[in-house]
Each structure stands twice: as structure tokens, then as C-alpha cells.
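The structure appears right after this line, and notes come after that.
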Amino acid sequence: MKYDHNAIETKWQQYWKENKTFKAENPGSAGVDKPKYYVLDMFPYPSGAGLHVGHPLGYIASDIYARYKRHQGFNVLHPMGYDSFGLPAEQYAIQTGQHPALTTETNIKRYREQLDKIGFSFDWSREVRTSNPDYYRWTQWIFIQLFNSWYNNDTGKAEDISILVQKFEAGGNTGINAVCDNDTEPFTADEWRNFSEEDQQKILLKYRLTYLAETEVNWCPALGTVLANDEIVNGVSERGGHPVVRKKMTQWSMRITAYAKRLLEGLDRIDWPQPLKDAQTNWIGRSEGAEVKFKVKGTAFEIPVFTTRPDTIFGVSFMTLAPEHELVREITAPEQKEAVEAYIEATAKRSERDRMADVKTISGVFTGAYAEHPFTKEPVPVWIGDYVLAGYGTGAVMAVPCGDQRDYDFAKHFDIPIPNIFKDVDISEAAYSEKNGTVIANSDFLNGLSYEEATKKAIEKLESINAGQGRINYRLRDAVFSRQRYWGEPFPVYYVNGLPQMIGVEHLPLKLPEVEKYLPTETGEPPLGNARTWAWDTEKNEVVSNDLIDHKTVFPLELNTMPGWAGSSSYFNRYMDAHNQDEFASQEALNYWKDVDLYIGGSEHATGHLLYARFWQKFLFDKGLLPVDEFAKKLINQGMILGTSTFVYRIKGSNTLISKNKIQGRETEPIHADVSLVNASDELDVEAFKEWRPEFRDAEFILEDGKYIVGREVEKMSKSKYNVVNPDDICEQYGADTLRMYEMFLGPLEQAKPWNTAGITGVHGFLKKLWKLYHSPLEGGQGDVFHVSDDPASKENLKTLHKTIKKVVEDIENFSFNTSVSSFMIAVNELTAQKCNSREVLEPLAIIISPYAPHIAEELWERLGHQGSVAFAPFPEFEEKYLVESSKEYPVSFNGKMRFKLDLPLDMSTEEMEKIVLAHEKTQEQLQGRTPKKIIIVPGKIINIVG
RNA sequence: GCCUCGGUGGCGGAAUUGGUAGACGCGCUGGAUUCAAAAUCCAGUUCUUUCGGGAGUGUGGGUUCGAUUCCCACCCGAGGUACCA
């Protein structure tokens with residue numbers, strides 16, 4: 001038979017399913033004596049639009065790697081699941097009333113069908129769905145673990161909250177080096193014991209790793225929800241364009257800041273892309289410097305500031321506070337009160353948009369108050385200005401105009417003196433912020449010192465007079481963990497007197513309640529406020545009707561749900577033991593699989609999922625629940641596949657469409673045309689186009705050479721641009737093996753590259769040629785018959801095979817899949833030319849190609865007479881001996897330019913080579929009588945003649 | 001502005017530690033087969049040329065016998081981030 005991709009692919013997909021070929025075994029089962037290898041993809045959100053050809057790119061790459069590792073004898077864990085909580089399903093529910101669970105179920109089904117057609121070697125028996133109660137039970141469980149933990153800076157890890165209570169009982173909180181809220185007051189052991197239960201709980205909340213706090217959030221009244229910064233574009237909501245205001249709300253937060261240092265330090269131990277590590281490093285934003293306390297003259301107040309340049313402390317000529325700073329109202333002089341209040345009000349009114357657009361305007365107001373310089377005791381005027389952010393550092397800066405451009409601009413604008421404390425530096429035009437080579441001057445005890453020396457000495461002095469200390473500051477903020485949404489994990493939390501209580505872990509999962517409306521309630525409560533059965537009975541330990549709430553044994557449940565990243569922060573661990581009903585995962589399974597060896601996914605998750613997941617991993621590691629504190633050893637970001645959009649051009653003000661090369665200066669409007677209406681030579685199928693866009697049925701077409709030529713542009717693949725290509729169609733027409741190889745063939749995995757269906761015929765043709773290597777044509781020309789000989793392979797055959805093995809192994813290990821597809825093509829071209837049909841070559845060839853094109857490889861493997869799947873056949877070993885050559889065709893260069901080639905034995909001496917080369921007629925021709933100055937001969941590489 | 005990645009034919013892209021630039025594929029041109037088409041096969045395809053050759057990897061310098069590769073300066077594109085003290 002001819003290469004019938006549809007029949008072959010259906011057959012083997014069915015075979016893999018029935019035989020559970022890719023089921024990974026856990027410890028205790030047969031086959032677990034093999035070394036483990038864990039290959040993971042970032043699991044998808046199942047959107048209603050289904051997959052386009054860009055989505056599976058990373059999955060194909062990881063699948064090739066997973067299959068390769070199986071051939072190498074590893075027990076490979078390669079699971080897949082769905083990040084199935086999320087906004088689109090909820091949005092759809094609001095519009096249609098359809099329960100998000102139903103929409104999600106439908107979408108997942110569609111995803112699964114599409115994924116199955118591509119022939120992935122996923123172990124579907126371990127599938128997880130974040131919206132499934134069996135799964136989110138463990139998300140809730142981790143939340144409870146966080147609630148019951150605090151971070152001990154002395155031991156450098158999270159510990160159980162009961163240890164903290166013991167410490168409070170023994171000696172209050174003053175001797176404890178814990179990560180806690182900034183406003184935590186000191187207390188003694190006696191005081192602790194005398195606090196009411198309620199007060200004790202309030203204090204503990206200041207230490208717990210997940211805690212309730214008043215947070216300033218981006219509140220969107222129209223959507224009834226809080227938005228993340230990236231959901232706001234130009235000051236309005238990305239979706240719908242509704243106004244957004246700053247609002248204080250009580251929200252759950254995650255104390256990720258406790259892990260700032262370790263999240264930074266851990267980056268050195270993992271093989272992740274540098275840009276991704278840089279993004280996390282910047283996000284965490286560590287700065288080293290000092291906290292300096294400035295006394296406010298005539299008051300008892302102190303203003304702490306954070307500075308990275310304590311060496312420039314003698315250059316301070318004013319201070320600036322954020323307008324929102326809590327001391328502003330306290331210290332403002334009566335005569336400045338009006339101006340200050342007006343400024344605060346103006347700042348609060350200014351939208352983020354204004355502030356972003358208007359970075360050049362310098363504004364601020366003098367408070368009338370003076371602080372005291374810690375060393376000189378000179379008065380330092382205190383200003384407020386909106387270039388200082390309340391949320392960073394202490395919300396106040398010591399302004400050193402000679403060393404910081406913003407301070408400089410501010411000082412110039414308001415005529416504040418700019419003392420120069422740098423030796424031999426001109427600051428008449430701009431501030432001087434260079435650290436290297438700087439010598440401090442006009443600075444008392446710091447005179448003559450370098451940046452490093454002065455910084456060290458300034459901190460020492462500040463500490464000695466109790467006016468400050470060295471400090472490390474992070475930009476990273478604690479993560480808000482509450483969302484005013486329906487389609488997310490419910491918090492396992494109920495409230496007694498307004499204080500949160502955890503539901504016992506044995507009663508999990510706390511299932512999402514049914515609601516009639518998915519919108520916020522009329523009183524502005526989150527959607528769960530619509531649920532009528534959403535109260536916790538502490539005696540029956542179950543969810544009961546709200547009517548039964550008596551605040552004695554039945555209490556209201558939390559109305560917020562968890563954010564999108566909750567379910568994805570530890571899913572990779574759950575895969576290790578996905579159906580465990582008693583534990584998150586057994587210690588045995590966790591110790592066997594340990595961590596992800598290869599993780600493939602998009603770079604857009606750099607500071608979201610990938611940072612939070614590392615945080616949870618470290619936390620669970622601290623608690624002794626996981627064996628390693630970094631979950632993924634190696635990570636690769638696959639590049640986006642872009643769409644190639646096609647355009648037709650309408651002459652302005654007419655209904656005439658003009659072919660691209662006839663435009664010539666005419667004013668036209670480009671209109672997107674569907675990519676499927678255009679062939680590989682950019683010719684439009686005019687009739688099909690008219691059919692597709694009836695408004696152009698009567699349009700006139702100006703053709704060139706009888707054809708309409710479209711314009712092309714590379715854009716993101718999207719429905720609205722009519723450039724979406726569906727993998728199902730490709731699988732139907734060319735087959736999954738062709739799709740897999742073509743996606744890899746497009747270019748390097750990490751790079752963005754445009755999709756162009758036209759090019760796929762090359763890869764499809766290659767698979768047909770591969771098939772023909774194993775078959776002979778039938779007499780009469782119809783079809784072909786399997787034909788492989790047992791004759792020994794020729795030297796040439798073996799050379800082709802082994803050079804291909806060598807290249808493909810190198811390529812897979814370097815994740816350079818595009819170049820191995822080329823190597824396969826070269827191999828098949830060569831073997832075809834050699835008329836090779838020897839089993840000795842064709843059998844190993846089927847194995848090395850099987851990670852890329854598994855269906856055809858299985859079929860050929862079976863035809864070669866094997867029982868069972870090719871998936872576990874040992875990968876052929878490369879043998880150097882087949883590649884040894886006795887001569888080399890040397891390129892002969894003149895001054896570095898290759899002019900001709902010369903075949904010489906590899907064992908020839910350089911002297912002899914030189915003689916032959918110089919005697920060569922072409923050499924004489926090139927030299928034209930000149931005498932060469934120098935002859936460079938690199939044996940086995942090149943000959944270069946200089947002169 | 002800062003950080004990161006990239007710039008090679010008409011197109012996607014190859015090129016070990018510096019050593020034959022343009023592999024492989026698409027497209028294009030010509031040919032074979034065919035009544036014709038599809039499919040398949042063969043040859044050619046960086047530019048330029050007086051057909052000897054000459055030029056050529058974003059631009060300009062540098063190191064080197066030799067640079068797509070290393071160094072310096074700059075230009076352009078993509079992504080991230082931003083009054084961060």
C-alpha cells in the first residue's frame with residue numbers, strides 16, 4: 001500500500017490507548033528499577049477556541065524528548081492536565097447562564113480530541129484538572145499549611161505556628177527574628193498570656209505565611225472585582241474599558257517576601273533561560289543599602305528612609321515623602337496645610353494613566369517641616385512629591401540632588417541647594433550617579449573615600465549613633481491571594497467574630513457552591529455571596545444553609561476564591577501520585593520522581609506562575625513535605641508560532657480590489673483575507689474569496705498576469721486576523737507525523753517564527769520517501785509492497801546511518817530539533833540514491849526517527865517483523881568506525897577566500913601537501929607570479945595561502 | 001531609559017572550539033512523464049559579471065593567515081520592565 005497516514009495514525013493511536021503504552025510506573029510496580037525522567041509541559045487553560053498550530057509546538061518538542069528518553073531506558077513521566085479554573089468560562093457563564101463546569105468540560109473534551117490526533121505519548125492516567133474537587137482539595141490543603149506556618153529568619157525556613165506560640169509564651173516576641181507585618185508591636189510573655197484569644201489570633205495573623213490584611217487594590221466597580229496590574233491598560237480595565245480606582249480591601253495575602261532571598265539564590269542552581277532568570281531577579285528587585293532615621297525637628301517623629309547610597313549622606317539637602325505617607329498630616333506646618341492637602345488630593349485624583357503619560361512634570365509641595373541631618377544636625381526641609389512611591393522602601397527618600405537625577409530635577413525646579421560631595425566632578429548640568437571611581441568630598445569623616453569604603457563607614461557610624469543600619473530591600477511585594485470571582489478554588493475558611501478559622505483538613509474538599517448568578521451581589525459582595533448554602537457547621541463539619549448561621553456553631557464561609565495561579569503552583573508534584581486519596585502525594589512517589597527534569601512552556605509565565613510555584617515548592621520543602629526546594633532542573637521557553645496574514649487591497653472609495661504589484665502609489669486599504677484562500681505562490685482563489693466575503697461578490701478585481709497576488713504580513717495568530725491554522729486540518733490532510741516534523745522544522749524551538757502551511761509539502765514528501773525506502777512498487781504501478789533485504793549494508797549505507805545517529809543524538813540533547821529534521825532528510829535522500837533496502841540500516845533508522853514521527857515508525861517497526869511498540873527499542877549506538885575517512889577534499893583559500901578544492905590523503909605530511917598545492921596549476925593562476933608569504937595548513941581542515 | 005534576545009538569498013532557516021557562507025525545505029525557472037492535470041522524477045536557483053572573475057552574513061572600525069562566529073562604536077526589530085530611592 002501507499003503511505004496512508006490516516007490509516008496508520010488511527011491504528012497506532014488506538015494501539016497506544018488500548019495497551020496503555022505510555023503509562024509511567026510508580027515505585028512498587030514493575031519497571032521502576034529504571035532511572036526516572038520527568039518531562040513536563042505547562043498545562044493549558046482549555047479555551048473555547050480550541051488549539052491552533054501554535055499551541056502544540058512545545059508539546060511536540062517535549063514529546064520528542066520524552067520518547068527519546070524512553071528509547072534510552074528511562075522510566076519517563078510525561079503527564080498532561082488542565083488549568084481549568086479561569087476567567088473566560090466565568091465570563092461566558094455571566095453572559096449565558098451556562099455553568100462554567102459544563103463549558104469547561106466541553107472545552108476539555110475538544111482539547112483532548114485535538115491532542116490525541118497529534119500522537120503525544122502522555123500518560124493520561126495521571127491527568128489533573130485544577131477545577132476538579134479531588135485536585136483542589138490539595139490546593140486548599142496547601143493553603144492551610146501556609147496558614148499554620150511562619151517564617152523563622154534564624155533557622156531560615158518556615159516552621160509550624162505552634163513553635164511560634166511556644167516562643168511567645170516563653171519570651172514574648174521581642175527576641176524573635178520572624179518575617180511579619182511592619183506594624184507588629186512588641187510584647188512580653190506576660191502580655192501574650194494576658195491577651196484575649198481574639199487578640200492572640202490577630203497577632204498570629206501578622207506572622208502566618210498566608211494572612212488577611214487590608215490591601216490597596218485596583219478595584220473595578222463595573223466588573224465588581226479586583227484587577228491585577230496587567231489587567232489594566234491605560235488606567236481602565238483591559239476587558240470592557242471600565243474605570244479602575246484604588247481601594248482598600250481585606251484580602252488574603254501570601255507572604256512570598258519571606259522567600260525573596262531564597263528565590264533569588266535558587267536561580268543560581270537551576271538551568272533556566274537567562275532572560276527568564278533576569279525577569280525574576282528584577283521582579284524580586286534586591287537592593288542593598290541602609291535605612292536612615294531622620295528626626296523631625298520639634299516633634300517626637302522619626303522618618304525612616306531607605307537609600308542605596310549611604311555614602312552620599314552629606315549630600316542630602318531635602319527629603320521627599322510620598323503624598324500618601326502616614327506622617328505627612330502629622331508634621332505639616334499650619335501655614336503649609338492648605339497647599340499640602342490640595343496636593344494630596346490632586347495626586348489621589350490623578351489616574352495612573354496621567355502619571356504614566358506625564359513623567360516629565362515635576363511636582364511637589366513643601367510641608368513646612370524640617371528634619372535633622374543625623375550627622376551635621378543641620379535642618380533638612382521635608383517635601384512631598386508624587387515621584388516617591390508609598391509602596392516601595394519606606395515611602396520616603398533622603399534626596400541627594402548631586403547624585404540622583406530625579407532629586408536633581410526636583411531641586412532645580414524648586415530652587416533647593418545642590419551641594420556637591422564628589423571630588424572633581426562637575427554637577428552644573430546633571431547629577432552624577434556613577435559609583436565606580438567616585439571619591440567623596442565635603443563629607444566630614446567620609447572625605448577621600450571610595451563608594452565602597454564610604455558606604456561601609458557611613459553604615460558603621462549610623463549604627464553607632466543609633467540613627468540607622470545596613471538593610472537589604474526588596475521590590476517584591478506580598479501576593480494578594482483573594483479574587484472576587486466564582487470560578488476558582490474556595491478558601492477552606494469560615495469566620496468566627498470576623499476572625500478566620502481553617503476547616504479541618506479531613507473535611508476537605510470544600511466544594512464550590514451553586515449560585516444562580518455569577519455576578520457580584522447587589523451589596524458588592526463576591527459572587528459566592530449569591531450562594532444560599534454557604535455556611536460551615538462546626539459540629540456536623542459540613543456546608544449548610546446560610547439560614548442556620550448562628551455564630552455559635554454555624555458560621556459564614558469565605559466569599560472570595562483563589563487566584564488563577566493557586567492551582568498551578570504545585571500541580572507538577574501531584575502528577576507524581578495523582579490519585580492518592582490520603583495524601584497530596586506519597587513520600588515514596590515524591591522521593592522517586594523528585595523534580596521535573598525538563599519543563600517546557602511560554603516565557604509569559606516568568607514572574608507569575610514560575611515565581612509562585614518556586615515559592616510554594618520552597619515552603620513545602622521547609623515543612624519536610626517535598627524532597628527538593630526547586631521543582632524544575634531545566635526549563636525551556638518555546639517561541640511563539642506567528643500567523644502569516646494575507647491581505648487584499650481595496651482602492652479607497654471603490655469596490656475594486658487590486659493585485660499587490662499593481663498598486664503603485666494608489667491609495668488602498670488592506671483587508672484581511674483568510675489564509676486558506678491563498679496558495680503557496682500568494683495567488684488568491686478569487687471565486688472562493690467572493691464566496692467567503694459576500695460583500696465582495698460584485699467587486700472588481702484588477703489582476704496581474706491573470707492572477708490576484710495578495711500581500712503578506714506576519715502577525716500573532718488570531719481569529720480576528722483570519723490567519724489561524726487548525727492542527728486537525730493538517731493532521732487530516734498530511735498526518736500528525738508531518739505536522740510534528742514540520743513544526744520542529746520551522747526553526748529553533750526558542751525562537752518566534754511564522755507559520756506557513758505552504759512549506760509543509762516538503763516534510764510530507766520526506767515521509768513518503770522514507771516509506772518508499774522500505775517498499776517496492778507493485779507491478780502495474782498501483783501501490784507498493786513491503787520489501788527489506790537481509791543482505792549486509794554497504795559501507796556507504798552505514799556511513800549515512802551513523803552520521804545521522806551522531807547528529808540526531810547531539811541535536812536532541814541540545815534541543816535543536818529543526819536541524820535533526822534536516823539530517824533525516826539528508827539521510828533519506830542519500831539512502832534513496834544508494835538504493836539501500838538493507839535491514840541492518842532501515843531497522844535502526846526506524847528507531848531514531850520514531851520520537852519525531854512515531855506513527856510511521858511504529859508501522860515500519862511492525863512490518864520489520866517486531867512485536868509490540870517501537871517506543872522502548874534501545875536507541876542505536878553511534879559507532880565512529882563507520883565515519884573514518886582516508887582522504888579529505890581540502891578547501892584551498894587565498895587570503896582567506898576559498899578558490900578551489902583539492903583531494904588529499906589525511907595522513908599526508910604538511911610538507912608534502914604544501915609541495916602539491918604550490919605546484920597546482922590553479923595555485924599558479926591565483927598567484928599570478930607572486931611568491932606566497934606564508935602557507936597555513938591545518939590538517940583535516942583547511943589550506944590557506946597568503947600573499 | 002534600563003534589561004534580554006535577535007538581524008544571513010524571494011521566504012523559513014543551516015554553518016562543531018574562528019577554518020569551504022547559504023545545508024535542508026518552500027518558492028521560482030527549465031526539462032522528463034501525461035491527451036491534460038495531480039503526483040513523481042531530473043537539472044538549475046545569493047548578487048553581479050566583459051563568463052577570467054569580483055562582491056557578499058544590519059552599518060562602521062578592530063584583532064587574526066583566516067571573522068556569520070571574538071572585541072569596540074552605532075543602526076534597526078522583538079519581548080520584558082519602569083518615577084524602585
Side-chain angles (χ1 to χ4, degrees), chain A residues 2 273-279 281-283 285 287 289 305-309 319-320 322 355-356 358-362 385-389 391-400 403-407 409-410 473-475 603-604 606-607 637 639-640 642 644 679-682 712 714 741-742 745-748 750-766 768-769 772 781 807 810 814 816 818-826 829 889-901 925-926 932-938 940-947:
Chain A
K2 290 263 183 201
Q274 196 56 43
L276 198 155
K277 286 189 185 182
D278 289 344
T281 305
N282 293 337
W283 193 263
S287 12
V305 302
F306 175 72
T307 177
T308 54
R309 295 293 302 274
M319 293 179 73
T320 316
R355 289 178 71 164
M356 296 265 270
D358 192 19
V359 289
K360 292 214 175 75
T361 308
I362 294 159
D386 66 5
Y387 78 97
V388 178
L389 305 177
Y392 184 78
T394 61
V397 299
M398 59 174 225
V400 183
D404 181 285
Q405 194 57 43
R406 281 158 313 157
D407 295 344
D409 295 340
F410 195 89
N473 196 52
Y474 294 96
R475 197 189 80 119
S603 58
E604 67 273 23
T607 52
N637 290 130
M640 211 191 311
L642 302 162
T644 310
N679 73 7
S681 318
D682 293 349
R712 294 275 195 178
V714 172
M741 287 198 113
Y742 187 55
F745 187 62
L746 283 178
E750 290 99 325
Q751 260 173 45
K753 57 235 156 200
W755 175 270
N756 189 355
T757 304
I760 206 167
T761 54
V763 171
H764 189 62
F766 154 75
K768 285 200 230 170
K769 273 195 213 167
K772 281 189 186 168
K807 178 82 173 112
E810 280 170 8
N814 292 318
S816 174
N818 54 325
T819 50
S820 32
V821 177
S822 302
S823 306
F824 287 129
M825 289 175 170
I826 293 167
N829 287 345
E889 196 180 35
Y890 279 94
V892 182
S893 300
F894 291 80
N895 299 317
K897 285 263 169 213
M898 202 278 289
R899 295 306 177 200
F900 67 93
K901 287 174 190 172
E925 218 171 84
Q926 282 291 330
K933 286 188 196 127
K934 202 170 174 185
I935 298 167
I936 286 132
I937 295 175
V938 184
K941 290 257 164 161
I942 198 176
I943 298 165
N944 190 19
I945 298 166
V946 188

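Protein chains get the first letters and strands the later ones, always in sequence-line order, with residue 1 at the start of each. Atoms considered below: every heavy atom in the structure, side chains included; atoms not considered: hydrogens, waters and symmetry mates.
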When you compare B/rA73 with B/rA78, how far apart are their P atoms, in angstrom units rounded to a whole number? 24 Å
On a whole-Å scale, what distance lies between the P atoms belonging to B/rG44 and B/rA55? 25 Å
Which part of the nucleic acid, if any, lies within reach of A/A399 when heavy atoms closer than 4.0 Å are counted: base, sugar-phosphate only, or nothing? nothing
Nearest-nucleotide check on RNA chain B, A/R406 vs A/Y890; residue mapping nearer the 5' end is A/Y890
Determine the contact category for A/T394: base if any of its heavy atoms lies under 4.0 Å from a base atom, sugar-phosphate if only primed atoms, P, OP1 or OP2 are that close, otherwise nothing. nothing
Which part of the nucleic acid, if any, lies within contact of A/T819, taking any heavy atom under 4.0 Å across all strands shown: a base, the sugar-phosphate backbone alone, or nothing? sugar-phosphate
Among B/rG19, B/rC83, B/rA85, which nucleotide has an atom closest to any side-chain atom of A/Y392? B/rA85
Counting only side-chain heavy atoms from C-beta out, which of B/rU20, B/rA23, B/rG13 sits nearest to A/S822? B/rA23
What does A/P748 touch in the nucleic acid at a heavy-atom separation under 4.0 angstrom: a base, only the sugar-phosphate, or nothing? sugar-phosphate
Counting primed atoms plus P, OP1 and OP2 as sugar-phosphate and everything else as base, spell out the protein contacts along nucleotides 37-67 of chain B at 4.0 Å heavy-atom distance: B, S or - for each nucleotide, 5' to 3'. --SSS------------S-B--------BS-
What is the nucleic acid contact for A/K941, judged by heavy atoms within less than 4.0 Å: base, sugar-phosphate only, or nothing? base
Give me the ring orientation class for A/Y387 and A/F410: parallel if the planes are under 30° apart, tilted from 30 to 60°, perpendicular past 60°. tilted
A/Q274 atom CD is separated from B/rG79 atom P, nearest whole Å, by 21 Å
With a 3.5 Å limit on both atom pairs, tell me what B/rC2 is paired to, counting Watson-Crick and G-U wobble, or say none. B/rG80
Describe the nucleic acid contact of A/N818 in one word from base, sugar-phosphate, nothing, applying a heavy-atom distance below 4.0 Å. sugar-phosphate
Should the ring pair A/Y742 and A/W755 be called parallel, tilted or perpendicular, given that the plane angle runs from 0 to 90° and is split at 30 and 60? perpendicular
Side-chain atoms of A/V397 come closest, of B/rA85, B/rU81, B/rG27, to B/rA85
Does B/rG66 pair with anything, Watson-Crick or G-U wobble, both distances under 3.5 Å, and if so, with which nucleotide? none
Contact class for A/N829 (heavy atom, under 4.0 Å): base, sugar-phosphate, or nothing? sugar-phosphate
Find which nucleotide of RNA chain B each of A/M825 and A/G395 is nearest to by heavy atoms, and output the residue with the more 5' nucleotide. A/M825
Checking contacts here: which listed nucleotide (B/rA85, B/rU81, B/rG19) is nearest the side-chain heavy atoms of A/L389? B/rA85
For B/rG44, give its Watson-Crick or G-U wobble partner with both distances under 3.5 Å, or none. B/rC28
Between B/rG53 and B/rU63, how far apart are the C1' atoms? Round to whole Å, please. 30 Å
